Every structure is written in C-alpha cells, then in structure tokens.
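All values below come from the heavy atoms of this structure, side chains included, with hydrogens, waters and symmetry mates left out. Here is how names work: the chains are called A, B, and so on, in the same order as the sequence lines, proteins then strands, and each is numbered from 1. Everything numeric here is computed off the predicted structure, so don't read it as measured data.
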Amino acid sequence: MLDTEHFFDNPSDIVESDEVASSLRTIMIRPGVRRRGLLFFTTLLCSVLVIAAGVVVWFWGYPAQRNNPGFWHFSLISMLFWLSVTQGMVAVSAILRLAHASWRYMLNRVADVASLFGFWVFAILPFLVVARGRIYVLGASAHSNNVWRTAGSMLFDSLAIGTAYLAGWMLLYLTSIPDFGALRDKLPADSKKQHFYRRIALSWQGAAKQWRTLRLAEGVMVFGVIVSFVASQTVQGWDFQLASARDWDSSIFAPLYTVGSLLGGLALTALVATATSHAAKLPNLVTSLHYDNLGRFMIGLGLVWFYFRWCDYLTAWYGNIPEEWALQNNRVTAFPILAAVMVIGCFVVPVFGNMFRAIRTSPVGLCTISVCVLIGLAVQRFLDTVPTFAPNYPLSALIPSAATILVFAGLSGMFVLTYLVAARYFPVVSWWGLSKRLSRMHESTLGNGSVDVMLEDPPIWET
Amino acid sequence: MGDMTQKSEDINKDLTRGVLQTTRSWWMCFLFFGTVLAWGTGCFVWQLVHGIDVYGMERPNYWGAPIINFVYWAGVALSGTMISAILRLLHAGWRRSITRMTETLTVCALLVAGLFPIIHLGRNWVFFWLVPYPNERGLWPNYKSPLLWDATAISVYLVSSVLFWYSGLIPDFAVLRDRTTGWRHELYSMLALKWKGSDREWKRLRGVSAILTVMIIPVFVSLHTIVGWDFGMSIVPGWHESIFAPYFVCGALYSGAGAVLVIMCLVRRAYHLEKYILPKHFDNVAKIVMTIGLLWFYFFAGDAWSDWFTEDPTHINWLVYLFGGYKWALITLAFFGMLVPLVTLPFKRLRTSPWAMLAVGVSVNIAMFTERIIVVVPEASRSWLAWGDYTPTWVDVSITIGAFGLFGFLYTLLSKFIPLVSLWEFKEGEVVDAVVTVGNAQVPVTVREEAIG
Amino acid sequence: MDNGTTVLGLFRALDPAAKALKTLQEEERGWRNLLVLSAMPFPEGVLEADKSKSRLTVITVVCALLGIVLGIGLAAGTALLYVIHQGGKPVVSGPPTAIIAYECMMLVALTGVFFRALYEMRLKGWQAKVHDPRISEGMIGIAVRCSTESEAADAEKIFRDLAAADVTRDSGSAQ
Amino acid sequence: MALKARTQEYLKQAGKPADQSGVAASVRTSSDRKWGMVIDLDRCTGCHACEAACSAENNIPVVGAEQCHKGHAHQWIRVERYWEGNYPNVKARFMPILCQQCGNAPCEPVCPVYATYHNPEGLNVMVYNRCVGTRYCGNNCPYEVRMFNWTEPAWETPLDQQLNPDVTVRGKGVMEKCTFCVQRIRRAEEQADADGRDLEPDEFTTACAQACPPKAIVFGDVNDKRWSVNKKREDPRRFTLLEELGTEPSVVYLKALDDEA
C-alpha cells in the first residue's frame, strides 16, 4: 500500500539544500558591522534604550525615588513579566520536543535562545528582590504578611528561577554542539573563529555513539527544563497567593502563572520566529504549517488561562466573603478598562482570533494576536499586585510614570539585544534538527491521493 | 502488500467472536456482578425505608459515601473521552485499538455516576424536582445552586458521550449485520441505520467525529469542574479553594487512566485480544498515567501546602484533623497513589507487562477513592462552630460495592452486544501504518493524519 | 423512474480499485455519480467519488447559538418566572447563567451536529440499494449507474481487465 | 387553582409600596418590619430553658440517646459552653446559638429546589415540603444551626397530644431550623389585623425569649424604634457571631462582663 523505499537515500543533498546551508552561511561569512540596514538600526536603538534605562534607575531612581514604592513596584513587575515570558518560551520548545511535534525543528533553536535573557535577570533581579521588603512596606503594615514574605518565599524564588534558567542554558548548549561541530569543519582552517568553534564543539565528529548520548542528554534535559519551569512559575504564583490578602489565599495562582507564561512564551516565539525569518532572509523558515500549529496551541492555552481565571473569580463571587470579594471587586470594578484589556488580550483574541484559518495561517494575523496576548499578560501582572494594595497605597504611586515606561522599554531592549548577540554565535536554525526532519518525511502516493509518510521516531530518551 | 481482504477477514472473525459466542465464563461473570448489584439495591431499598441515618453522616459533615462514590465514578467516566478525544486530537496512532473499550467504560461509569445524586438525597423519591419541568405550582429548580449545574453537566456529558460512542459504532454494526442472522440481524440492521460504507458516509463520519472530538473535551472538563465547584462554592474552610476545579479534573483523569489500564488488561485476557492490544499500548497508557499522576500531585500539594503555609486559623483545623484522625486515609493515598505508580511506572519492562499495569491501575483507583474521602469528609467535619466525625457503616460500604457490581454488570452486558475493539479503526490502522527497513533496522512508518477540522 | 443497470466491481487490493475509479471518472460516458464502497475509511483523496459539500460546521455554530438562548432561558428565565429572593445573590445572577448557557450550548450543538451528519449520510435512489456482504469482509466495491446497455458492457470490461474479483450486475429500477 | 391566584397576586404586588394594611399578613410581599434578636451573655446562666421551650413550641422530635450519640440530635437553639482559663480560676462561658436569619445567608443560594429563601421580613424561611434533602445548606451554614430529620420522627401516644397545631410536623429527609417562631409572628399580625390596629411594641415574643428566666433573650422588630430590642442593640458590648464571613446576622450578642473588669 505505501511505497516506503526512499527514506535516508540521499542524506548528502539534504544537508546541501538551501534552507539548511543558508542558516550556517549567515554565521560563517558573518558580515562586518555594516553602518546601515535594519539590523544595525535595531541594535543601536536597543542599546540606547538599555543604557538610558540604566542611567534613569541608578542616577535618578535610586536617590530620588527611594521612598516612592510605585517606581520600584513597576520595575519589579516588568522584570517579572519578561522573566516569565522568556522562561515560557524555553518551556514551549521543551514541550514540543516531548510531544514529537513534526513542526518543532524550526522553532526549537529560536525559542531556546530566550534562556540567555537569564544573564540580564541574574544581574538585576537580586537588587529588586532585596528591596522587595521595603517596596511593599505599606502593604506589609496593613496585612500582617506582605506580598513577598521576606522569610520564606525569597529563598524559594531565587532558587527556582535560577535553576529554570540554568536548565535552559544547558539544553541550548547541548543541542547546538553538532552545529558548532559543523561550523568548525566548514570554517577556513585556523582562523580565529575556527579556533573558537573547535574549542566549544568539544571534539564532536558525529559518531553514532555521540548522537545516541546527545539524544539521551536531550531527553533528560527536556524533563529538567519543564520541571524547573513549573517550579519557578509556581513559586512566583505562590508569592502572590500566599500572602496577597490576609484571609484570601486563592490557591489557583500557581497554575494560573504557569499557563500565563506558557501562553506568553508561545506568543513571543511566534513573533521572534517571524522576525528572524525576515532578518535572515529565509522566507520558508517559518511556513504556514508552523503558524497553523502555533495558532492551535494558542487556542488551547488561551482557553486554559481563562478557565483558571474564571475559577478564581467565581469562587470569590459565590463565597461572598467580604475580604475576598473586596479583592476581586477591586480588581474588576476599580480597574475596569485594565480588566477588560487583560481578558480580551489573553482570551478573546487568541481563542476566537485563531479559530479562523485565514487569520491563523497568515504571519501578520498571528503576530497581531501575539502582541495582544503579551499586552494582556503584562496587564495581568499589574492587576494581580496593585488591587491588593490599592486600599492603602496612593493610587498615584501605582500609575505608570514616564520613568517606569522607560524602564520597561529598557528591559524589552535587553530582550532584543540578547537575540541580536546570540544570532552571531548560534545558527538561526539547528542544522542537524532540520536535516533530521527532511530525511524522515516525504510525499508518497496512495491510491489516487498523495499523503506524506513519516518515520515514527521512538520516545525521545530511547536510544 | 498482501491480500487486504484476507487480513480484514480474520480481523472480523477475531473481533466479533466476543459478540457472537457467549462462553460459560461470561455467564459466571455476569451472574456474579448481578448478585453484587442485587445486594447493593437491597441496601438502597433498606435506606429508602429506614431513612438516611443508616449512613454514618452527622451534623457538621452532611455528605458521605454517596457523594464520595458520585465524585469517584464521575472521575472514572472521564477516561474514555480522554483516551479517544485527546489522543485523536494529538494524532496518536496507537489509540485505535483501545478507543471502543474505553468509551464503553465511560458510558457505563457515567450511568453509575448518574445514579448517585438520587441515592444521596434525603427524600430520594422526589428527585425529579431537580428537573426543570413546567408544573402547576409554577416552581422551577434553582439554577444558582452548584447541584443544579451538576445535574445539567452530567446529562450533557451523558448525551455527548453516548453520541460519540454511537457514531463510532455504526460501521461495526453494519459488519455485524452482514455476519449475523435471525433476531441479531434485525437488531443490528436497525442499529446500523442502513450503513453502506460509501466514501460519502465515511467522509461525513470523519467530519462528525472530528467536531465531536473537539467539542467533547470542554464538556468533560466542565463536568468535573462543576463537580469540583460543588465543594469550591461552599464557604467551608477546607472546601473554599479556587484550585478545586482543575484539581478535580486532574484527579478524575488520574483515576480514569488507571481504570483504562484495568479494563485493557481484563478485556485482553477475557476475549483473547493479545494480537490487538500490544505491550506498546500498555506502555503508552502507563506514560499517560505517570504524567497525570505528577500533575495531580502538583495540584494536591499546591492546595494542601497553601493552607499550611499561610497558617490561616480556620484552614489549619482540617489539616490538623487530616494528619490526626484521618492519618490512615492519607497514608493509603500516599502509598497507593504516589509511591506505587512512581516506583513501577519508570521501568519499561514493568510498563509493558499487562498484569503489572493491572496492579498499578487498581492501586491508582484505590488511592483516588481515598483521595475523594480526604476531600469530602475532613473539611466538613472541622466546620466553624461545630466539629464532628464520620465513620462509614455497613450500608455505606455495601452501596460502594453495589456500585462496582452495577458497573461490572453493565460492562459485561454491553460487551455482549458491541465488539470491544473498533473494527473499522483497526482496519484503518492497517491501511495507514507499515514497517520499512531502513539500513538494518525495522522502523514503523505512518501517514501523517491531516489536521482535525 | 430511471431504469438503468448498476454494475458493481469488487476488488481485493487498493491499487486496482483506485485505477478503475480513475479510468471511470476520466471517461466522460453517461455514468452518473459513481459510488465507492469499503469497510474502512481511506485518507483524504485516496478513493474519492463524492463531491457534495458538507455543512456540518455551519450547523454546529447555529445550534451553539440556539443552545446559548436555551441556557439563558433556563437559568435566567425560570428565575424571573417565579421571583424568589435568596441571600446575597441577585435573582438573575451572571456566573450561574453563563455556566448553564455554556452547558446547553454544548448539548444542543453536539446533538444538532450528530443528527445533521446522519441526515447528510443518507444515500438516495439506486445508491441505497447497492449492497454486497463481501464488502464488510474487506473488499472494495466500485458501483456505477449506466443508463444504456453499451455503458454497462464497457464498465464491465474495465472492471474485468483490472482483475476485479467479481463483477455483478443489478438491473433493478431505483425506487 | 386558589394557590395559583394567590401566587399571581403575590407577584403582582412585588413592586407595590410598603403600605400593606389591607392584605392578609401571610401574603404581604414587602414589609417595613425586620425581625431581630439580642442575647445578653452577661445574663445567660446556661440553664437550657430556651432549648426546652423551643422543642415544645416547634414540635422538635426527641430522638433518644442512641441517635444523639450518632450526632443526629435536634436542637434549633443550642447553648454552647466554652471554658476559659485553667483549673484554679476557670470560667464557663455560655452562648445560646440559633439560626441568625442572615441577611446574606450562604445556605440559601445553594439549595437546588428553592426550599429555603429570604422573605421580605428579614427571615430565612424554610419550606419543609419543598426540601429534597441534599443537605448542601447544612454544609454551607457556618453556625451549624440546621438540623436534619435523619429518621421518621415518632411521638408515643401521650406525647402526640402536646404537638403545637400551628407548626407543621416535619417528615423524614427534611432539613429544619429556627424560624424566629414565625407562627407566633403570623398569629400576632393576624390578631392585630383583626382588631384593625398596628402591632404594639413588645406585644409578643418568641418561645425561647418568653421562657428565659433572666430575660437574656429579647426579640422584636428592629425597624420600629419603640420595641425594647432596639434599646439593647445600641449597648456598647454588642458583637455579632462570625462577622468576617459577611453573612450580616440579625442576632446581636452582648459580651459578658468579668467581675474584676
């Protein structure tokens, strides 16, 4: 019935095919820093933003805003937002690996590079976490335990977030060793770059034993990434839940934040994948198949996010206990526009927008949906902290000022910079992943129709 | 490629053997479950006559064995749709041979679960007041109450799972219609709705099963969220948690997956389906059990941990009671629900042996039954101003056993009328899968199913 | 009533059946609506003879909206029919009505789609009368409705030289 | 169909202004009265007279020792006893707890058959023959004042003469609770209507208030300032039970004063 002969019969010309080779070529010939062009302009803009944010925080924020909790609260919220979204991207690519999604190879590398944002987090978060007790001093006085219980959660916080990023780095390095090996072989003999890649390629010759250990390592690391991601998001959720209001510990916050960051990660992966395919001028890097599947995944996550949010609201509404209902009411009626933006951004747009195939499969459609999702998630961060303190905080302290928006822009600049720098060292698409996919699936005719036949690859950790 | 008709010839023969020949052991099994069911109904009639106090309930905790059984059986009822709906959405090819038996598991478990809201009432004979029928007094049921959400969710899920099950059965009834004579022929030709197997019919069947797959997943998730909201909506300190809805869904999936393992092993042994249910199926279902087990533990720990860490005075009472009076329930839960699966499931040799998986399935279900006890009883017995206790009486126990009897009775009865492995899905699997020799390895090949809907 | 003859060719393997179907479709003889009978579904486009449009998704959306209206009527309507005030909750309260509307939406949509599919599945006219028990045993049947004798003979010849296991002819008039 | 007509009339008047003098008391839809109660814990000596009076007045079944051991006792008002301090100077605190007729009652929205609802006079009314016995209201009541008829109540021959004709005798499988002696409220209102006058302050009281030796329990119409209950409600010692749950109970307790305070 199925003509199943020609698998793997021409590995050499798969490797030479344009997509695969082009991703390596951009690294090898690495153009000098050209003065004009889109890439150069974005690098310039982002570095200016980052420096400006740094200057504002250190030379104006630290001395002048010492006792204005609103400023520090905002920078902490935007840092936590970027932290959760980057970890979400790494977790999304790990989940796709675990589920053997046939369309994952293009997106894996793009999503894994997000774990490099961890360097910025390690640099900035300790200062904000230490200052947390002081930021929410007003919050603490009203409720006996403030948002971030200085004793317990801070230890869990740094531990969990750290391991999540470490796992991301290891997975990224492991899966790019074959790429470094390929680059080492393709680069001219003893140029400086070639020495660099020979050192980090750790004597990789592509031997069968090496491939098998790489597979096993990748399998173990995928579990590591997912578990540490869930732990890190749970601890952030518990920060809000364990002490947000004296009697109301809505235990839904841990899964709510895990799904929220997955949703954000998915949205950002779509955005970054489109951007890289335009920047690297590889039009068929991200095909409509990828957008279709990304859209479906986003529908699922949007539904689960709304489901958790609805559980939280309904339990408070039905219980009618004043303390809990005041918190929910504060969130929905005190900030009606923000609550509407959050629900529309995180639920209505991704779920109902992605239901139409036309929107889902067009890059423009999916990117607009992703931007709405990210806005919704940022607003959700704000809505979960501000109402808890709205009664005893001057509302003016919680409205974003010009300085805090600059800090947020600085953080986004950091995120873009991570990608621009990483693109010079990691090939945009994992060279070996792509060739693996192309050799395992091909068209074949069955009866009058044509179907594509693919090898069923065994579970990821089975060598 | 070999003669297709010869292969489907003996597929038909194997899979309809269970339907056409009734062996002595089937009768023994049927009568055993019948007696257990009779004992259970007898106890229900005794409770009807004597009143609710035959159970062990008392003032602070008003809910006991009937609600625990209701939540447990509604949980088991989730397994069938999970296996056939979610795995079809994920294009897992190996689901084909076990979809039918798990969907029958869903329908039978749901019929059992539907009975318990009636058994649990104080005045069981007026249960129909929960139904919104227009009556002379102009009274309607109160749709603000979570119990009414329950009644709606159960009936919606019952209707949709029966439709989902029946739409998969029509082609098999057509095959049975062509292979039987006499009253069976009349029955099956009536059930098969004049199915011819034309490609238009196949296309419509695929269309409707695609839509049903996509729509039945929110239905079964909403069934168990509403069962969770029965407790989540009250203001009893232990129950008033916003995590109860997803926690109940995970608990249901966990005990459902365990029940799937049990049914797969028993049906494989009873109808000699060794060629159809391969160790590979046990391996994959065991992996699902492990993942959902970890997810369930995440929710269970999250719920209990958050109460303990905030040391909220009202929430701490039920935890102290759980670790004190109900220590044994917690220990059985920890041993059967966490230790046994986590020790046996990581090993491939154990995962592929059917009898080991039967043991794991049974232990998971024991654990999830105790978990329902832990969720229902300790919180209510440590309410605000009055504390109480709950010791099950013989009527509680016999109602629970009666429920298992009813489930077994229904399942053996249904397995006499429908083939427990869906014929057309298995044949479709034969068409689509193949094995190819690549280098010197035999690698399975499959056609990538086009996306659903 | 058209009194053509139905020629049914039974094949053991998939490829000759596909070839026969392709040749029949390409010959622009007077054959009206071919029919492919099989005991198992084939992937998209493998043995495709039916071109009718399916309106299942439209019906799902329509039934879903009907269900929402039914749900709102059930939850909010019955509360307004006999107003009884209960502690802390308005007579018609939002979240319960939303839950009941969601449940009824699912109920009406699912049942609507199921019965619509049964309705769309029915075969009319001569197609409903073509039946051979051997199809359930795994053979693939291709039936064609010919109005004249020469078409029937040609169809038989096509089936014969593609090594059809059996070619039957049924000249009953379609009711 | 008489019931149908009365319900239509009941519905028609939903919007009418408060003056209901012409309409029979039981059909009145909106009323300016709101029944409340004050219990002075300083006076209460824990003598359980209120429990005896309540059982006599409201046909509460005596279930016997074996059922009480199983926790199926019937007490619409129970005197809780708390101990404070340890042995040498220990002090007993008594607190009669009954249905607080909450303004925002958690037990009402959860009943699936509308067997309990909030009537315009601020009472939490229990409709016995509509109750199906799901017992969700019992679970959801934080004060645990709802009693369930686990078995068919039985009165031996001499005792059944003592049943109060104004109160229905509940069957098996029905939830019951304190109703602020609604039968006495209705009788007093009908008497006042018959005489063509309004209710005088302190004209009648509940069985427990009537039987309490030290007059610790005072019952009356909170909206009408002339009733003595309002004077007691302004007492600085006032507190309500489980206030943080937001159930707005209409029973106000007055704290007991210690001797040395």
Out of B:K203, B:R177, B:K196, B:K427, return the one with the most heavy atom pairs under 4.5 angstrom to chain C. B:K196
Approximate separation, where rounding is to 0.5 Å, of B:W195 CH2 and C:L37 CG: 11.0 Å
Region of C:S54 in contact with chain B, defined by heavy-atom distances below 4.5 Å: both
Taking all non-hydrogen atoms of both residues, which atom of B:K144 and which atom of C:Q86 are closest, and how far apart? CE-OE1, 3.6 Å
Toward chain B, the part of C:L74 with a non-hydrogen atom under 4.5 Å: both
Would you say the side chain of B:F164 lies within less than 4.5 Å of the side chain of C:F114, judging by non-hydrogen atoms? no
Counting heavy-atom pairs under 4.5 angstrom with chain C, the leader among B:L212, B:I216, B:L148 is B:L212
Cut-off 4.5 Å, heavy atoms of chain C, and the answer for B:V159 is side chain
Of the options B:V156, B:T152, B:V219, which is the one that meets C:L107 in a side-chain contact (heavy atoms from CB on, under 4.5 Å)? B:V156
What is the distance from atom CG of C:L118 to atom CZ of B:R204, rounded to the nearest 0.5 Å? 12.0 Å
Is any side-chain heavy atom of C:T111 closer than 4.5 Å to one of B:L163? yes
Based on non-hydrogen pairs under 4.5 Å, which of B:W140, B:Y166, B:F426 is most in contact with chain C? B:W140
For B:R17, is the CZ atom crowded, meaning more than 12 foreign heavy atoms sit under 6.0 Å from it? yes
At what distance, to the nearest 0.5 angstrom, does CZ of C:R122 lie from CG of B:L193? 13.5 Å
Is there a side-chain contact between C:Y82 and B:R137 (heavy atoms, below 4.5 Å)? no
Relative to chain C, which segment of B:W424 carries a heavy atom at a distance below 4.5 Å: side chain, backbone, both, or neither? both
Any side-chain heavy atom of C:T60 within less than 4.5 Å of one from B:M215? yes
Residue part contacting chain C, namely of B:P171, when any heavy atom lies under 4.5 Å: neither
Hey, are the side chains of C:I99 and B:W229 touching, using non-hydrogen atoms and a 4.5 Å cut-off? yes
Stepwise side chain to side chain contact (heavy atoms under 4.5 Å, CB included) test for B:Y143 and C:T97: CA-CA 8 Å; B:Y143 273 98; C:T97 322; over 6 Å; no
Which atoms form the tightest heavy-atom contact between C:M106 and B:P218, and what is the distance? CE-CB, 3.8 Å
Would you say B:F128 has more than 12 foreign heavy atoms packed within less than 6.0 Å of its CZ? yes
Do C:E103 and B:I226 come within less than 4.5 Å of each other through their side chains, counting heavy atoms only? yes
Given heavy-atom pairs under 4.5 angstrom as the criterion, report whether the side chain, backbone, both or neither of B:I170 touches chain C. side chain
Option that, when pairs with chain C are counted at under 4.5 Å, heavy atom only, ranks first among B:R179, B:K194, B:K13: B:R179
Separation between OG of B:S161 and CG of C:L110, rounded to the nearest 0.5 Å: 10.0 Å
Measuring heavy-atom distances to chain C, does B:A174 have an atom under 4.5 Å in its side chain, in its backbone, in both, or in neither? backbone
Could you look at C:L56 and say if it's the side chain, the backbone, both or neither that has a heavy atom under 4.5 Å from chain B? both
